[in-house]
**Student:** 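Take a look at the following structure, please.
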Amino acid sequence: MPELPEVETVRRGLAPVMEDAVIEAVTQNRPDLRFPFPDKFVERLKGARVKHMGRRAKYLVVELDTGEALIMHLGMSGSFRIELEEGNELPGTYHHPRSEAKAHDHVVFAMKGKTAEARIIYNDPRRFGFMDLVATSELSLCRHFEKMGIEPTGNELNGETISRLFAGKSTPLKAALLDQRLIAGLGNIYVCEALWRSGLSPKRKASTITRKSGKATERSELLALHIRDVIAEAIEAGGSSLRDHRQTNGDLGYFQHRFSAYDREGEACSKVECDGVIERMVQSGRSTFYCAKCQR
DNA sequence: CCGATTACCTGCACGC
DNA sequence: TGCGTGCAGGTAATCG
């Protein structure tokens with residue numbers, strides 16, 4: 001499911017029922033997801049209070065008062081749903097009523113907050129997601145984050161950083177944008193969308209939008225601008241719901257209605273003054289949607 | 001080192 | 001209807 005905007009949507013949904021609440025119980029229904037759960041997973045979580053619900057790229061980072069952080073990745077099909085007892089809803093929110101377990105419910109966190117109790121359920125049919133526990137002080141050095149690139153939100157991402165990061169890269173521009181060691185958080189959808197908005201071909205060598213000095217170029221500025229825009233707009237829209245992604249209260253995200261390229265094979269390109277058609281091709285084993293006419 | 005391909009897993013849409 | 005095929009928002013391991 002999830003690229004950065006979907007994970008950020010999940011983070012915002014979980015924060016009100018996790019922050020300052022205590023993990024009263026954890027039910028772990030299998031020994032592994034993509035990887036085995038860490039040793040004594042349940043014991044290390046039980047009784048911990050959540051200090052902060054954070055995110056790094058596509059990872060959720062739950063900081064605990066035990067000195068450890070719970071790291072969670074949703075893979076392709078992971079999702080969370082929040083169940084609250086009836087009459088126990090948080091002000092201004094709506095969630096699932098308590099229900100029977102569903103297929104592929106792998107982990108349940110029973111949370112006790114100051115005013116409400118909640119069950120937070122992790123469901124993941126394909127089990128490409130995973131969870132890990134890491135000392136909070138070592139977070140940036142842990143195996144998940146050690147080699148991770150910059151966030152595509154905020155001032156860190158600009159023409160100069162892109163120019164510097166992509167300099168000398170002979171890989172296609174699309175592959176460079178998907179490389180989490182350079183920019184962390186983009187996935188197939190938002191890379192296709194940012195390239196379409198920028199009028200840049202996904203096949204172009206990444207180095208061709210850079211300058212040897214590492215200074216920004218017109219193209220790298222344009223790309224940085226559109227990446228930041230499309231990510232911000234998608235977060236605002238609650239992410240994109242294609243198959244699995246839901247907000248934690250069960251609502252769909254709605255950015256999929258605003259796709260210009262992704263999943264629009266055969267449709268007319270909507271760029272002003274362009275009469276091209278969106279095509280699909282395969283790059284490093286994954287679908288790329290683009291307009292060969294206006295993306296150069 | 002690099003870049004490209006494959007593996008991991010289930011569900012669903014599609015064509016025959 | 002049933003079955004085979006291909007495809008899916010992820011990353012890690014493996015191969016040249």
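Scope of the values below: all heavy atoms of this structure, side chains included, with no hydrogens, waters or symmetry mates. Throughout, a chain's letter reflects where its sequence line sits, starting with A, and its residues are numbered from 1.
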**Student:** What is the nucleic acid contact for A/Tyr190, judged by heavy atoms within less than 4.0 Å: base, sugar-phosphate only, or nothing?
**Tutor:** nothing
**Student:** Looking at the side chain of A/Tyr262, which of B/dT5, C/dA8, C/dA12 is the nearest nucleotide?
**Tutor:** C/dA8
**Student:** Between A/His144 and C/dT11, is there a contact of a side-chain N or O with OP1 or OP2 at under 4.0 Å?
**Tutor:** no
**Student:** Using a heavy-atom distance cut-off of less than 4.0 Å, which residues of residues 122-133 of chain A contact DNA chain C?
**Tutor:** A/Arg126, A/Phe128
**Student:** Among Ile, Leu, Val, Met, Phe, Trp and Tyr joined by side-chain contacts under 4.5 Å, find the other residues sharing a cluster with A/Met148 and list them by chain and number.
**Tutor:** A/Phe35, A/Tyr59, A/Val61, A/Ile71, A/Phe130, A/Val134, A/Leu139, A/Phe145
**Student:** OP1, OP2 of C/dG9 versus side-chain N and O of A/Arg286: anything below 4.0 Å?
**Tutor:** yes
**Student:** Strictly by side chain to side chain donor-acceptor pair (under 3.5 Å), give each pair with a member in residues 209-218 of chain A just once, sequence neighbours left out.
**Tutor:** A/Thr217-A/Ser220
**Student:** Spell out, as yes or no, whether a donor-acceptor pair under 3.5 Å connects the side chain of A/Lys271 to the backbone of A/Trp196.
**Tutor:** yes
**Student:** How close or far is atom P of B/dG3 from atom CZ of A/Arg181, stated in whole angstroms?
**Tutor:** 8 Å
**Student:** With sequence neighbours left out, what residues match A/Glu68 under side-chain hydrogen bond (donor to acceptor under 3.5 Å, both in side chains)?
**Tutor:** A/Arg44
**Student:** Ignoring hydrogens and angles, write down the donor-acceptor pairs under 3.5 Å from the side chains of residues 228-236 of chain A, residues two or more places apart or on other chains.
**Tutor:**
unit_1   : atom_1 : unit_2   : atom_2 : d
A/Arg228 : NE     : A/Gly154 : O      : 3.4
A/Arg228 : NH1    : A/Gly154 : O      : 3.2
A/Arg228 : NH1    : A/Leu157 : O      : 3.1
A/Glu233 : OE1    : A/Arg197 : NH2    : 2.9
A/Glu233 : OE1    : A/Arg258 : NH2    : 3.1
A/Glu233 : OE2    : A/Arg197 : NH1    : 3.1

**Student:** From CG of A/Leu178 over to C1' of B/dT5, roughly how many Å is that when rounded to an integer?
**Tutor:** 15 Å
**Student:** Please list, chain by chain and in numerical order, all residues satisfying side-chain hydrogen bond (donor to acceptor under 3.5 Å, both in side chains) with A/Arg12, sequence neighbours excluded.
**Tutor:** A/Glu8
**Student:** Would you kindly give the CG-to-C1' distance between A/Asn188 and C/dT11, to the nearest whole Å?
**Tutor:** 13 Å
**Student:** For A/Arg127, check salt bridge (charged side-chain N to carboxylate O under 4.0 Å, His left out) against everything at least two apart and list the hits.
**Tutor:** none
**Student:** Contact list please: residues 52-60 of chain A against DNA chain B, heavy atoms, distance less than 4.0 Å, in numerical order.
**Tutor:** none
**Student:** Does A/Arg34 have a side-chain nitrogen or oxygen under 4.0 Å from the phosphate oxygens OP1 or OP2 of B/dA7?
**Tutor:** no
**Student:** Looking at C/dG10, I'd like to know if its phosphate oxygens (OP1 or OP2) sit under 4.0 Å from a side-chain N or O belonging to A/Ser77.
**Tutor:** no
**Student:** Testing A/Arg49, A/Lys51, A/His52 one by one against A/Asp20 for a side chain to side chain donor-acceptor pair (under 3.5 Å), which residue passes?
**Tutor:** A/Arg49
**Student:** Tell me whether A/Lys46 contacts the main-chain N or O of A/Phe41 through its side chain, where contact means a donor paired with an acceptor under 3.5 Å.
**Tutor:** no
**Student:** Using a cut-off of less than 4.0 Å, is there contact between a side-chain N or O of A/Ser287 and OP1 or OP2 of C/dA8?
**Tutor:** yes
**Student:** How close or far is atom P of C/dG9 from atom NE2 of A/His73, stated in whole angstroms?
**Tutor:** 14 Å
**Student:** Would you mind telling me which of C/dG9, C/dT11, B/dG11 lies closest to the side-chain atoms of A/His104?
**Tutor:** B/dG11
**Student:** Measure the spacing between CD1 of A/Ile278 and OG1 of A/Thr288 and express it to the nearest 0.5 Å.
**Tutor:** 12.0 Å
**Student:** From NZ of A/Lys147 over to P of C/dA13, roughly how many Å is that when rounded to an integer?
**Tutor:** 11 Å
**Student:** Listing request: all side chain to side chain donor-acceptor pair (under 3.5 Å) pairs with a residue in residues 182-195 of chain A, at least two apart in sequence or in separate chains.
**Tutor:** A/Glu6-A/Tyr190, A/Lys174-A/Asn188, A/Tyr190-A/Ser240
**Student:** Rounded to the Å, how far apart are A/Glu265 CD and C/dG6 C1'?
**Tutor:** 13 Å
**Student:** Quick test of your reading: applying salt bridge (charged side-chain N to carboxylate O under 4.0 Å, His left out), list the pairs with at least one residue in residues 273-284 of chain A, sequence neighbours left out, ordered by first then second residue.
**Tutor:** A/Asp275-A/Lys293
**Student:** Heavy atoms from C-beta onward define the side chain here; which of C/dT11, B/dA4, C/dG9 lies closest to that of A/Thr171?
**Tutor:** B/dA4
**Student:** Expressed as a whole number of Å, how far does the P atom of C/dA12 sit from that of B/dG11?
**Tutor:** 24 Å
**Student:** Under the ring-ring contact (aromatic ring centres under 6.0 Å, His included) test, which residues partner A/Phe259, sequence neighbours left out?
**Tutor:** A/Tyr262
**Student:** For A/Gly285, report the nucleic acid contact type (base, sugar-phosphate, nothing); a contact means any heavy atom under 4.0 Å.
**Tutor:** nothing
**Student:** What integer distance in Å separates A/Ile231:CD1 from C/dG9:P?
**Tutor:** 15 Å
**Student:** From NZ of A/Lys169 over to C1' of B/dG3, roughly how many Å is that when rounded to an integer?
**Tutor:** 10 Å
**Student:** On a whole-Å scale, what distance lies between the C1' atoms belonging to C/dG9 and B/dG3?
**Tutor:** 23 Å
**Student:** What would the secondary structure line of DNA chain C be in dot-bracket form, counting Watson-Crick and G-U wobble pairs under 3.5 Å, with [ ] for pairs that cross earlier ones and | for pairs with another strand?
**Tutor:** .|||||||.|||||||
